[in-house]
Amino acid sequence: MSYKFREIEAKWQHYWAENQTFKAANVADKKKYYVLDMFPYPSGAGLHVGHPLGYIASDIYARYKRHKGFNVLHPMGYDSFGLPAEQYAIQTGQHPSITTEANINRYREQLDKLGFSYDWSREVRTSDPGYYKWTQWVFIQLFNSWYNNNANKAEPIETLISLFEAEGNVKIKAACDEDTPLFSAEEWDRYNKRQRQEVLLKYRLTYLADTEVNWCPALGTVLANDEIVNGVSERGGHPVVRKKMTQWSMRITAYAQRLLEGLHRIDWPQPLKDAQTNWIGRSEGASLVFFTKTDEQNKSQHSIEVFTTRPDTIFGVSFMTLAPEHELVSKITSPEQRKEVETYVEYTSKRSERDRLSDVKTITGAFTGAYAIHPFTGEDIPIWIGDYVLAGYGTGAVMSVPCGDQRDYDFARNFGIPIPNIFKDVDISEEAFADKANTIIANSDFISGMKYDEACRAIIDALESKGQGRGKINYRLRDAVFSRQRYWGEPFPVFYVDGMPQMIAEEYLPLHLPEVEKYLPTETGDPPLGNATVWAWCTNTNSVVDNSKIDNKTVFPLELNTMPGWAGSSQYFNRYMDPRNDQEIFSKESMEYWQDVDLYIGGMEHATGHLLYSRFWQKFMYDRGWALKDEYAKKLINQGMILGTSAFVYREEDSGVIISKGLIGDKKVSPIHVDVSLVNASDELDIKAFKASRPEFSTAEFFLEEGKYFVGREVEKMSKSKFNVVNPDAICEEYGADSLRLYEMFLGPLEQAKPWNTAGISGVYGFLKKLWKLYHGGKEGTFLIGDEPASSESLKTLHKTIKKAEEDIDQFSFNTSVSTFMICVNELSAQKCNQRAVLEPLAILISPYAPHIAEELWQLLGHTSSVATAPFPEFKEEFLVEQSKAYPISFNGKMRFTLELPLDMGKDEIEKTVMEHERTQKQLQGRTPKKVIVVPGKIVNIVG
RNA sequence: GCUCGAGUGGUGGAAUUGGUAGACACGUUGGACUUAAAAUCCAAUGGACAGCAAUGUCCGUGCGGGUUCAAGUCCCGCCUCGAGUACCA
């Protein structure tokens, strides 16, 4: 008789599914608790050991909260639109939904094997029309909203229209496009329908605009800023170029300030908050205008707007720099300089994003021959162009202050531009002085002698009174491009009348993704939906009809782009509250009950993607009254990545012989990844299997150490290409799901990245066997559960464990609580404890971590219901105090000191000595200690 | 460069937040059971020194200072590694 985890686990997984043990009711007297995992993209590779880490942690916490009497919402679903399924479709012609379905089934199977307590009745899939109906619905609501900067919230577009009718747009403070023209109520009245639509589009929270986008030719689509890493696409590493295209955008910049402020109110990891803060990139400063100097050649005057965070350094300006792409460059360049400028502009346009990034040290630029006028001194300021100024940030032009900015300094040095010093007692002969806190401005007319704050204020005031500038807060955050030239994504609920976008009425949603023959762009360069033959909207029937019927009277073309990956994940947490509702995205009642996510666990990699966009959508949903909280997740934990331990063989470069690690010496070798499954725990390679694994190695020669080949090891990210992926199925098969759960938790702190190493799994496996043995006799089939009262020793062990386990789980220290259980079971087995009074609470304690074995024990104890619904055992201090080795003595006030005492001193004597010492100390320190803890041995600890 | 983390035995990691550093586990060594192996159980396991022994003494949390009766923990100055970000005006 032994611990047969396979039988036990299969049995209880079946039981939970059958009895819907984890189904959460939407109406309950109990308090709610919402534990959310980031739903996965179901890739073809299935789960690896890194995936379940966060899921196990959240499952433990969800189960723990159920024991604590909460009604727990713990759902799971799939982010099932995405690139890999589409690329597979392009290669094979198979519809992405087939691949997706197959992958989801495999994921589900793997998830079920791990014993997760999900409420599967609430599963969502972003590619399911019943789900993306509501993604389309949110899009329509965004289209029909504008951001009122006075009320600081989104409002229905109708309120904006009535404002236009009453007073035009001159006084309206709203988030809108920069090129929005000003108009009066009368002018608005004269506008025709199309003109009005054009104006409104500049205010809508999702809008159509010609934007410079990141176009990835290899993927045939645009990418968002967060999908680009080091100038190449995150997926596949393809080059990315800038291109102007008409695209849907989301006016996330309207929420920049609130997205920053909200971070203070949520318990999210600091690094993640920092990442979002940096991404939003708020900088406070001034916006000001420089006018160009006119002469015979340059008759017309131009204005150049710049943004600066250092208005206090304005008297240090000795030149201006424009980005080479700046629209004024061609207009202001003098004939003498034209050739040089054109050559330079051409040179920069040829440099890829990557070159520019990798080569930041080379200073390049050209003089335009034009001058601007300094707003205060009236001096001539030469205008240069240089690629250190980025077209995409701020206005694409800067006022250059070489003494206060290192880049300006380097540029000035390189081109021999003067570097005036405007700082008091600061040496700038070697480098710029960028510290704004510790200096006094000098040589600066009316602000000389002022400090940073004061000087900024004075300059901004002066600029305002001249009408040449104002205080401004600038954000790095850009509006988010929302169109993708893909097939496998949500279709926009949009058709075009005279080129103007119209929303399909809500009652006709969802707009189903059409069938296409080919998943590639069309020959005319349209997105894949351009291949659909049935893709036109008939306004008579309110339905999709054949393209050939387009007459632009009652049948109109539909939008050909689809939504990006983050669309479906931006409201899924709310949809889980009421996932089968086909009338509303969620009912008012379910929102009122569940409110928001209490604990969200997922990866840091979504910091500036999903986790920012979803906060934006939530704030919008809140503004419009659908959501009740403007931050949807109170607490978030980033689980650390599980890294792989790659294995390498070494091939000598000249001979091609494969050399064992210890024999390399100073030979020239190149390391080659080998599949980790071909290597045993002592780094010995299975040569036969290795030869069979790849044809090019079948005839390889080996240079062995004592007949064995030893590989090299390195910790790297787990990935297919590195042959270091460990699949949880194999572990489950060998040790069981409970062992895997315990082991993944035991590996180390949840938030820390750690390499996967199977060596230690025998420890937790041994723990489970020991636990099992506690209540099984040595003989076949006998259970040894005693009904007599437990010994005080066992009770002490139990209550110590309850206390520690509770503290650990509350602090999400799952690794230490596994240790706590191990100590507990070790002690109980030393005590030969098999009494019901101890085993029953123990089953509940262990159930979040090792749910299957806990259910088994619970059933053997005679219960008919699931252990998952049992109340958490209560901790009783009385079982501990008697046994405690510490003697607490109470005092008032605070003081700490250490006192050496002889070993054999009794309690009374210690107390007397301590009191005496305390009196002396009190006189010395003038305070009184609160509590004294005496540890046997010789040290007395006085704790405040 | 900037921002944020982290440095503790052979290894993963504990340490009730300033109070017996190294819990728990892996690994290693020795032992028991066994024809043998596996499994299981028991013991030892930071370093140095002293002792037949129980035990004792000293040194030890990346480095150098400091505060404190007391520092892995707090402060100052470095070093190393990791993550994010990058010409952001």
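Every chain is numbered from 1 and lettered A, B, ... according to where its sequence line falls, protein lines coming before strand lines. Owing to the predicted nature of the structure, the values given are computational and were not obtained by experimental measurement.
Between R407(A) and rC88(B) there is a side-chain N or O to OP1 or OP2 distance below 4.0 Å. Side-chain nitrogen and oxygen atoms of Q752(A) include at least one within less than 4.0 Å of the OP1 or OP2 phosphate oxygen of rG13(B). For rA39(B), the OP1/OP2 oxygens have no side-chain nitrogen or oxygen of K769(A) closer than 4.0 Å. Of the side-chain N and O atoms in Y393(A), one or more sit less than 4.0 angstrom from OP1 or OP2 of rA89(B).
Only the C1' atoms considered, rC42(B) is 43 Å distant from rG5(B), to the nearest whole Å. Comparing rC76(B) with rC4(B), their P atoms sit 13 Å apart, to the nearest whole Å. Taking atom C1' in both rU28(B) and rG18(B), one finds a spacing of 36 Å when rounded to whole Å. Look at the C1' atom in both rA25(B) and rC78(B): the space between them is 35 Å, to the nearest Å. Nucleotides rA36(B) and rA14(B), compared at atom C1', are 40 Å apart to the nearest Å. When the C1' atom is used for both rG7(B) and rU73(B), the distance is 14 Å, rounded to whole Å. Between the P atoms of rG51(B) and rG64(B), the separation comes to 31 Å (whole Å). Rounded to whole Å, the separation between the C1' atoms of rC63(B) and rA70(B) comes to 23 Å.
Distance from the side chain of D274(A) is smallest to rU3(B) among rU3(B), rC88(B), rA14(B). The listed nucleotides are rA86(B), rA15(B), rC41(B); the one nearest the side chain of K770(A) is rC41(B). Side chain of F746(A), nearest nucleotide from rC41(B), rA25(B), rC4(B): rA25(B). Listed nucleotides: rU40(B), rA89(B), rC87(B). Nearest to the side chain of D387(A): rC87(B). Closest to the side chain of P749(A), out of rC24(B), rC88(B), rA14(B), is rA14(B). Of the candidates rC41(B), rC24(B), rA14(B), rC24(B) carries the atom nearest the N826(A) side chain, counting heavy atoms from C-beta on. Proximity note for A275(A) (side chain, C-beta onward) versus rG84(B), rG13(B), rC24(B): the nearest is rG84(B).
Here rG84(B) presents its C1' atom at 11 Å from CH2 of W279(A), a figure rounded to the nearest Å. Atom CG of D312(A) and atom P of rA89(B) are 13 Å apart (whole Å). The CD-P distance, from Q270(A) to rG84(B), rounds to 17 Å in whole Å. The OH-C1' distance, from Y409(A) to rA89(B), rounds to 18 Å in whole Å. Rounded to an integer number of Å, the gap from R282(A) CZ to rA89(B) P is 13 Å. Atom CD1 of I385(A) and atom P of rC87(B) are 19 Å apart (whole Å). The distance from atom CZ of R413(A) to atom P of rC87(B) is 24 Å, rounded to the nearest whole Å. To the nearest angstrom, P of rA83(B) lies 12 Å from CE of M604(A).
Y3(A) approaches I853(A) most closely through the heavy-atom pair CE1-CD1, 3.7 Å. Across every non-hydrogen atom of N757(A) and Y743(A), the tightest pair is O-OH, 2.5 Å. Taking all atoms of both residues into account, the shortest heavy-atom contact from A850(A) to L768(A) is CB-CD2, 3.9 Å. Of all heavy-atom pairs spanning I460(A) and G471(A), the tightest one is CG2-N, 3.4 Å.
Centroid-to-centroid, the aromatic rings of F415(A) and F319(A) stay 6.0 Å apart or farther.
For E327(A), the CD atom counts as loosely surrounded, since its 6.0 Å shell holds 12 or fewer non-hydrogen atoms of other residues, nucleotides or ligands.
With hydrogens and angles disregarded, no donor-acceptor distance shorter than 3.5 Å links the side chain of E284(A) to the backbone of I473(A).
Put simply, the side chain of T348(A) does not reach to within 4.5 Å of the side chain of I385(A), judged on heavy atoms.
Looking at heavy-atom distances under 4.0 Å, T321(A) makes no contact with the nucleic acid at all. Among the heavy atoms of the strands, none lies under 4.0 Å from N278(A). At a threshold of 4.0 angstrom between heavy atoms, the contacts of N815(A) are confined to the sugar-phosphate backbone, with no base atom among them.
Using a 3.5 Å distance cut-off with no hydrogens or angles, the side chains of Y388(A) and T321(A) do pair a donor with an acceptor.
Rounding to the nearest 0.5 angstrom, the gap separating the CG atom in L742(A) from the CZ atom in F767(A) is 6.0 Å.
Glycosidic conformation at rU17(B) (O4'-C1'-N9-C4 for purines, O4'-C1'-N1-C2 for pyrimidines): syn, within 90° of 0. For rG9(B), the glycosidic angle deviates from 0 by 90° or less, giving a syn base.
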Which dot-bracket string fits RNA chain B when only Watson-Crick or G-U wobble pairs with both atom distances under 3.5 Å count, crossing pairs get [ ], and | stands for a partner on a different strand? (((((((..(((......[....)))((((((.......))))))(((((....)))))..(((((..]....))))))))))))....
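Between M822(A) and F307(A), the residue anchored closer to the 5' end of RNA chain B is M822(A), taking for each the nucleotide with the nearest heavy atom.
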